[in-house]
Colleague: 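Sharing a structure, written as structure tokens. Questions coming.
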Protein chains: 4
Amino acid sequence: MTGTKAARTRLRILDAAASEFAAQGYAGTSLRRIAEESGLQLGSLYFHFTSKDALLSEVVREAVAFAEERVSSALDDLPAAASARTRFSAAVRAHLRALHESSDRGAAVVRIIDLSPELTAVGAHQHVRDYARFWTGLVIEAQAAGGIPGQLDPVITRDLVVGAMHATVGRRQLPPDQVARLAETVIGLVLRQPLTNWP
Amino acid sequence: MTGTKAARTRLRILDAAASEFAAQGYAGTSLRRIAEESGLQLGSLYFHFTSKDALLSEVVREAVAFAEERVSSALDDLPAAASARTRFSAAVRAHLRALHESSDRGAAVVRIIDLSPELTAVGAHQHVRDYARFWTGLVIEAQAAGGIPGQLDPVITRDLVVGAMHATVGRRQLPPDQVARLAETVIGLVLRQPLTNWP
Amino acid sequence: MTGTKAARTRLRILDAAASEFAAQGYAGTSLRRIAEESGLQLGSLYFHFTSKDALLSEVVREAVAFAEERVSSALDDLPAAASARTRFSAAVRAHLRALHESSDRGAAVVRIIDLSPELTAVGAHQHVRDYARFWTGLVIEAQAAGGIPGQLDPVITRDLVVGAMHATVGRRQLPPDQVARLAETVIGLVLRQPLTNWP
Amino acid sequence: MTGTKAARTRLRILDAAASEFAAQGYAGTSLRRIAEESGLQLGSLYFHFTSKDALLSEVVREAVAFAEERVSSALDDLPAAASARTRFSAAVRAHLRALHESSDRGAAVVRIIDLSPELTAVGAHQHVRDYARFWTGLVIEAQAAGGIPGQLDPVITRDLVVGAMHATVGRRQLPPDQVARLAETVIGLVLRQPLTNWP
DNA sequence: CATGAATGAGATTTCATTCAT
DNA sequence: GATGAATGAAATCTCATTCAT
């Protein structure tokens, strides 16, 4: 087993919380439901998290870290000489896969990040900002390589690209092949690259 | 005076509700706050709307109608011979202006549409779907004219483009010139057209 | 037409109120529903009645008067030489018919009289008390004639007999032949008279 | 101590609820008052009962069980050879004592059973029906023994007898000797037995 | 005669949170 | 580590009532 009993319970809570936050938003999520989903009594949550806000903060932190780690390792898997277009494409694919993958971990970020005044109050925006900066870099690389028009503002462009990807997350989970189609469409639209892996 | 007394009160409520829904989401919005913003007592809301759901439904209906009307009339203002690229660009500009302008009326749609299981329950998705179909048409036109790669799925593409625009709506309202920059960036990214009106 | 327009509206309100009070009790009855049933707007009720209590008071007064009138005239229709048993039997039949007859006028009394602390507050108990005293007389007559055991307390007995009759009023209305069966059973039980009009 | 802390609180709530339901009816009863009478905060009720309906259901169930148990054990205390008249009389005495005694536990049933559409919704009518069937048996026994006219319909008769007893329950509680007088009057009226225990 | 618009109090229910055990 | 019991505030909604028109 991984870690102590407390650590495993903690994970169950985070899973349940991510799922609820993703599906109902911050205000729409009740701790009672999270407790039920975790197989705990309501009061027991407070042994693991000090408040609803703290729980949200952790969920967001984990979810961003999850996406970041996926994208980073996808880039690391590329040959050192990979082109900026290849790197950008790989990042898009990894990010979309992370968003749509199991257990709502990814979805949670997206759906909540935009909508919650609570996030700022909770100080979780820092994680998000770091990750965003990372994407700005990818955009600038792609512009330098001619994959994205150079005269566009890189920050605005990054917001549009990331926003477009986030908009693909819905309440139902998509099967992997549809996620792949999404990724190729993003790439085709943004980089104007001929599509790969396309049926 | 515009309309009856009730009609004016109704408008005040809808304004307040749009603003609250946009800022706090459905679950996070309290009718008490809407009442306060409208200068009414809580109970008085129920003279004008039968429930919170009904209020949401009306807000969404009005907001979508507002955006639709803006975009339609922007297209109608174009010369009959306008190219598909011109039409697409005009639509993007009008849509973004509608979203960022006019006391959250537009913003409400965006921020809520994605997050609310309530919308479906409330039957407001129909308005949204109609408007979405309208954008699919614009994408197909642009593809036929070579402004958007023809091999991309038009529905997915439409979701990405509209999603990118919606992601630009934040909690604070943007000044008109920033909205214009957003629009030109979207156009530059999607149509790869040389930017116009750019400082 | 009977009376002025106001008088006719007043009747519609009383009918609706009797029906609602009978079915839902005092607290469970809402003026809005009464207004709807009467084809009026809520506020318009107050032109005819000064409060919910006043409306209740009127309904009870009318309902008791209705039953009283029915029973009195049934007794008046008897030959002057009619026996006490005959008179008692006729009263039972008339009372039960009044209770189960159309438009809830009768039912209203029964179902509300017992349950409402409001009745006392509203001063409507006087009508009820008068009618009750009338029944005490009938019981005493029947005792004198040997139809009811003489050693029983007439007031308690009256409460039991009237209570038994009232218990027959339910939420659904009974067809006339079932009301007749009820009446003959009451008579058979209380007076031990051979049943009449029995199939 | 009797049972856990929760069990004791639950009892306090049920007592308060029975008293309120009996005095004010279902619609007229406010949970806030029940909470106050129980020495709890309003919200705390929901730890013990999921809704007002559930509370009503429990009160009725308990009250019927209480009356049933009293009557059953009164019959069990009789010699095996006791006559039907004796059994019927004992049942009447026990039922009336149960109704008028013990902090509204009994009264609650009576006053609510008739008036509440809610009872059906709440599924509590089953308990009531079972108890009613039990009384039908007593009536039939008494008819066989000649205590009640054999030609009367036993179900209607049972409704009348039980209805008469229920009508004796008022808002104020009666002292034991008055309850005894009531019982003897019912017996004298229904069975035409010479009265016993009579001052 | 009747409506339209609003009020303020109160209803039931749900919530995040606490703390003794 | 976790539960059981309770709290107090806030949520949505309904109610009887008022009064200008």
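Because only heavy atoms are used, hydrogens play no part in the values below, and waters and symmetry mates are left out as well, while side chains stay in. Order of the sequence lines sets the chain letters (A, B, ...), proteins ahead of strands, with each chain counted from 1.
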Colleague: Taking salt bridge (charged side-chain N to carboxylate O under 4.0 Å, His left out) as the definition, give me every residue that meets it alongside A:E58, ordered by chain and number, with sequence neighbours left out.
Modeller: A:R10, A:R61
Colleague: Go through residues 40-47 of chain B and report each residue with a non-hydrogen atom lying under 4.0 Å from DNA chain E, sorted by number.
Modeller: B:L40, B:Q41, B:G43, B:S44, B:F47
Colleague: Return the set of residues passing side-chain contact (heavy atoms from CB on, under 4.5 Å) with C:A65 (not counting sequence neighbours), or none when no residue passes.
Modeller: none
Colleague: How long is the span from the CD atom in B:E20 to the CG atom in B:L55, to the nearest 0.5 Å?
Modeller: 11.0 Å
Colleague: Determine, for A:Y26 and A:K52, whether the Lys NZ or Arg CZ falls below 6.0 Å from the six-membered ring centre while staying within 45 degrees of the axis.
Modeller: yes
Colleague: Check whether any side-chain N or O of C:K52 sits under 4.0 Å from OP1 or OP2 of F:dA16, and answer yes or no.
Modeller: yes
Colleague: For residues B:T50 and B:A54, report the shortest heavy-atom separation together with the two atoms involved.
Modeller: OG1-CB, 3.6 Å
Colleague: Compare every heavy atom of C:R12 with every heavy atom of C:G39, then report the nearest pair and how far apart it is.
Modeller: O-NH2, 4.5 Å
Colleague: Restricting to non-hydrogen atoms, name the atom on B:I13 and the atom on B:F49 that form the minimum distance, rounded to 0.1 Å.
Modeller: CG2-CE1, 3.7 Å
Colleague: According to side-chain contact (heavy atoms from CB on, under 4.5 Å), who are the partners of C:S30, at least two apart in sequence or on a separate chain?
Modeller: C:R32, C:R33
Colleague: How far does the C1' atom of F:dT21 sit from the matching atom of E:dC1, given to the nearest Å?
Modeller: 12 Å
Colleague: Using whole Å, report how far CD of B:E20 lies from P of F:dA11.
Modeller: 11 Å
Colleague: Are the side chain of C:S19 and the backbone N or O of C:D15 linked by a donor-acceptor pair below 3.5 Å?
Modeller: no
Colleague: Using whole Å, report how far OH of B:Y26 lies from P of F:dA11.
Modeller: 14 Å
Colleague: Using a 4.0 Å cut-off on heavy atoms, which residues in residues 28-37 of chain C reach DNA chain E? List them by number, or say none.
Modeller: none
Colleague: Do you know the tightest heavy-atom contact between A:V59 and A:A17?
Modeller: CG2-CB, 3.8 Å
Colleague: Which atom pair, heavy atoms only, marks the closest approach of B:E37 to B:A16?
Modeller: CB-CB, 3.6 Å
Colleague: Let's test your reading of the pairing rules: Watson-Crick or G-U wobble, both distances under 3.5 Å, then write DNA chain E as a dot-bracket string with ( ), [ ], | and dots.
Modeller: .||||||||||||||||||||
Colleague: Where do D:T29 and D:Q24 come nearest, in terms of heavy atoms and distance?
Modeller: OG1-CB, 3.8 Å
Colleague: With a strict under 4.0 Å distance from non-hydrogen atoms of chain C, what nucleotide opens and what nucleotide closes the contacted stretch of DNA chain E, reading 5' to 3'?
Modeller: E:dC1 to E:dG4
Colleague: Starting at the 5' end of DNA chain E and moving along, which residue's nearest nucleotide shows up first, D:T50 or B:R12?
Modeller: B:R12
Colleague: Please identify each residue that fulfils side-chain contact (heavy atoms from CB on, under 4.5 Å) with C:Q41, with sequence neighbours left out.
Modeller: C:S44
